[in-house]
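Heads up, the thing below is written out as structure tokens.
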Amino acid sequence: MKLFFPALLALLAASSSDGFATRTAFVTQSSTSAAQRTGSTELYISSWGTKGPPSRWKKEELPDPAEKIQSYLKTPEPVAARDNLDGTVLVSGWVKSKARTDQDVFDFLNAEESAFGFSKIIAFVNDMSFAKKRLIGRHARYTGLLDKLDFREATEPDALPTVEQLDGVKSWVANCGTDIGMVKQIAELVKASGVENVSILLTDSTSLGAVESLEAVQALEAEGKSFTVVAVGSISEAAEGAHPYAIHDFGTEGGIVPSNATFSRDESLRLVTECLGLECGKNKALSFTEVHDVNATETKLVKGLREAGYTRPQEIDHMITKGVEEYLKACEEHKTKKPERTEYEDWMLEEEKKLEAESVESVERKEKEREEKKEKETNDIAKEWAKREFFRKSMAGEIADITEEEFIESIWDRALFEGDLKWRILNGFAADEKEELEDFKEKQEKKKQAMLERAKASLDELLDEDEKKDE
């Protein structure tokens, strides 16, 4: 009996141990399996993220500057300005015409956001009383120009200031027009006076050759003096910044302004003043030409600079210091870094071009349909107006021996005017009937007078020929 109980207890213990061991092993295996699955999932998320393993990652490629110019342009930063833009600045060659005030050149030199810190701005003019009427006004008071503005009168019309009149002047902005010889005169005056900076504008410079231009620029070179020459084509009244521009070295064959070149007046004033303030414009002679080709590199670059938030001084500084050359260099460098496009990429590009072309075509087609619809509706309204006018005058006995068609043909210009006016009113466009009618009648009267003069001239010519035959 003593041996039985210990043996029974040992057997029960062994049996219990095996049973628990089995269940524990199962739970452990299940837990381990679950732990492995859970651990695997956690490793995937924490290490690789939703993009998957590195083998699946698509390497980011640097954008091509030729296709995305913003990838080439840096964030706008402050540009270097000259360190002697204070004291007195003299402005000559403007305020001569009754057609305009030439206010802009003074406003640019007085602008708060500019690099200029002038305490006095002198207008050197032919007629002091005339210039004061043109420049002194509400605008000058509001901008603070009136506090700095002073006047000096030339000894004779269109004369340059004398050395005495340049006393105390530190900077000089001069408009020489087409007179390249005046540049040499300015050079002598600058050397003989205390003027430190001079910025010269040459307009209508299409006739200036490279040799004479270079001689004038070389005359400006002097120790302790800084110069800037801005040469442009025939002056137009286009708005400032309306067109991009190309820059070349004035005084070289490449810097000759083309004979048919035009340039905005306001843009030329912006350039001659900004180049006075910029360090990059120091001792530079540059010719600026407008670029009208929308696909030109200059157009792409200037447009990109403005879209990137560059101010006008920053834009001009970039175009002078880097310009088209640096941009084209960056495009070439990108080609060596980036492999050629795959067939799929070429196909995608072609498809995008097709979609873009179809979109443009659709817009043009809709615009054409809209214009055709407007023309038809305008003609219909014009014809109805002419018929009513014929009926009214017929009833009043004002016309006789003329058919409706002949009458309509005789007043068709007026009918088209009435049709266009009525169409615009019906479609919600602004229209001043009285003012537009007066303007139309005035134009018709001028047209009538011109036709009469031509008819008279033709008749006189026929009579002269008859007289010669009779002789």
> Of all residues at least two apart in sequence or in a different chain, which pass the side chain to side chain donor-acceptor pair (under 3.5 Å) check with K96?
Replying inline: D158

> For S264 and E290, what are the C-alpha separation, side-chain angles and deciding distance, and is it a side chain to side chain contact (heavy atoms under 4.5 Å, CB included)?
Replying inline: CA-CA 8 Å; S264 161; E290 289 182 351; 3.9 Å; yes

> Which pair of non-hydrogen atoms, one from I180 and one from E212, has the smallest distance, and what is that distance?
Replying inline: CG2-OE1, 3.8 Å

>> Between F429 and W423 (judged by ring centroids, cut-off 6.0 Å), do the two rings come close enough to count as a pair?
In response: yes

> Are any non-hydrogen side-chain atoms of F263 and L271 less than 4.5 angstrom apart?
Replying inline: yes

> Is there a side-chain contact between K170 and V195 (heavy atoms, below 4.5 Å)?
Replying inline: no

> Got a salt bridge between R134 and D102, using NZ or NE/NH1/NH2 to carboxylate O under 4.0 Å?
Replying inline: no

>> Exactly one of R306, K303, R270 should register a salt bridge (Lys or Arg N to Asp or Glu O under 4.0 Å) with E315. Which one does?
In response: R306

> Where is the tightest heavy-atom contact between A261 and T206, given as atom of each residue plus distance?
Replying inline: O-CG2, 4.4 Å

> Step by step, would you call K68 with D64 a salt bridge (charged side-chain N to carboxylate O under 4.0 Å, His left out)?
Replying inline: CA-CA 6 Å; K68 189 177 181 182; D64 185 357; over 6 Å; no

>> Taking CE in M451 as the centre, count heavy atoms belonging to other residues, nucleotides or ligands within less than 6.0 Å. Is the count above 12?
In response: no

>> Closer than 4.0 angstrom, basic N to acidic O: yes or no for R414 and E418?
In response: yes

>> Working to the nearest 0.5 angstrom, can you tell me the gap between I121 CD1 and T88 OG1?
In response: 9.5 Å

>> Would V232 and T262 count as a side chain to side chain contact (heavy atoms under 4.5 Å, CB included) here? Give the steps.
In response: CA-CA 7 Å; V232 298; T262 60; over 6 Å; no

> Can you tell me how far CD of E240 sits from CG of D104, rounded to the nearest 0.5 angstrom?
Replying inline: 7.5 Å

> K329 versus E325: any side-chain heavy-atom pair under 4.5 Å?
Replying inline: no

>> Could you report the tightest heavy-atom contact between S226 and R82, atom names first, then the distance?
In response: CB-NH1, 3.7 Å

> Rounded to the nearest 0.5 Å, how far apart are CG of L421 and CH2 of W385?
Replying inline: 11.0 Å

> Which pair of heavy atoms, one from T297 and one from Y327, lies closest together, and at what distance?
Replying inline: CG2-CD2, 3.6 Å

> Taking NZ, NE, NH1 and NH2 as the nitrogens, is one of them in K353 or E356 under 4.0 Å from a carboxylate oxygen of the other?
Replying inline: no

>> So, taking the atom named OG1 in T378 and the one named NZ in K373, what distance separates them when rounded to the nearest 0.5 Å?
In response: 11.5 Å

>> Tell me whether D420 is salt-bridged to R424, with the criterion being a basic N under 4.0 Å from an acidic carboxylate O.
In response: yes

> Which atoms form the tightest heavy-atom contact between I186 and C176, and what is the distance?
Replying inline: CD1-SG, 3.4 Å

> Charged N to carboxylate O under 4.0 angstrom, K374 versus E371?
Replying inline: no

> Should the pair R312-E274 be classified as a salt bridge under the 4.0 Å nitrogen-to-oxygen rule?
Replying inline: no

> Taking side chain as C-beta onward, heavy atoms only, is M319 less than 4.5 Å from L305?
Replying inline: yes

>> Between Q314 and T311, does the side-chain hydrogen bond (donor to acceptor under 3.5 Å, both in side chains) criterion hold? Intermediate values first, please.
In response: CA-CA 5 Å; Q314 290 170 331; T311 62; 3.2 Å; yes

>> Let me confirm one number: the CG-OH distance from L286 to Y245, rounded to the nearest 0.5 Å.
In response: 11.0 Å

> Going from NZ on K383 to CZ on R388, what distance comes out if it is rounded to the nearest 0.5 angstrom?
Replying inline: 13.5 Å

> Are T228 and L278 close enough, and set up right, to give a side chain to side chain contact (heavy atoms under 4.5 Å, CB included), and what steps lead you there?
Replying inline: CA-CA 10 Å; T228 301; L278 293 169; over 6 Å; no

>> Give me the atom names and distance for the closest heavy-atom approach of D317 to C280.
In response: OD1-SG, 3.2 Å

>> Can a side-chain donor-acceptor contact be found between W172 and S199 if the only test is distance below 3.5 angstrom?
In response: no

>> Go through it in stages, so that I can follow the logic: the residues are L73 and H318, the test is side chain to side chain contact (heavy atoms under 4.5 Å, CB included), and I'd like the CA-CA distance, side-chain angles, deciding distance and then a yes or no.
In response: CA-CA 10 Å; L73 298 173; H318 184 95; 4.1 Å; yes

>> Whether E237 and R100 form a salt bridge (side-chain N of Lys/Arg under 4.0 Å from carboxylate O of Asp/Glu) is what I want to check.
In response: no

> K446 and E442: salt bridge (charged side-chain N to carboxylate O under 4.0 Å, His left out), yes or no, with the steps?
Replying inline: CA-CA 6 Å; K446 289 180 180 179; E442 184 180 346; 3.6 Å; yes

>> Do K148 and N110 pair up side chain to side chain, a donor and an acceptor below 3.5 Å, judged on atom types alone?
In response: yes

> Under a 4.5 Å cut-off applied to non-hydrogen side-chain atoms, are K284 and V229 in contact?
Replying inline: no

> So does E361 have more than 12 non-hydrogen atoms from other groups sitting under 6.0 Å from CD?
Replying inline: no

> Is any side-chain N of the basic residue among K447 and D413 closer than 4.0 Å to the acidic one's carboxylate O?
Replying inline: yes

>> For L202, run the side-chain contact (heavy atoms from CB on, under 4.5 Å) check against V272, V230, L208 and tell me which one passes.
In response: L208

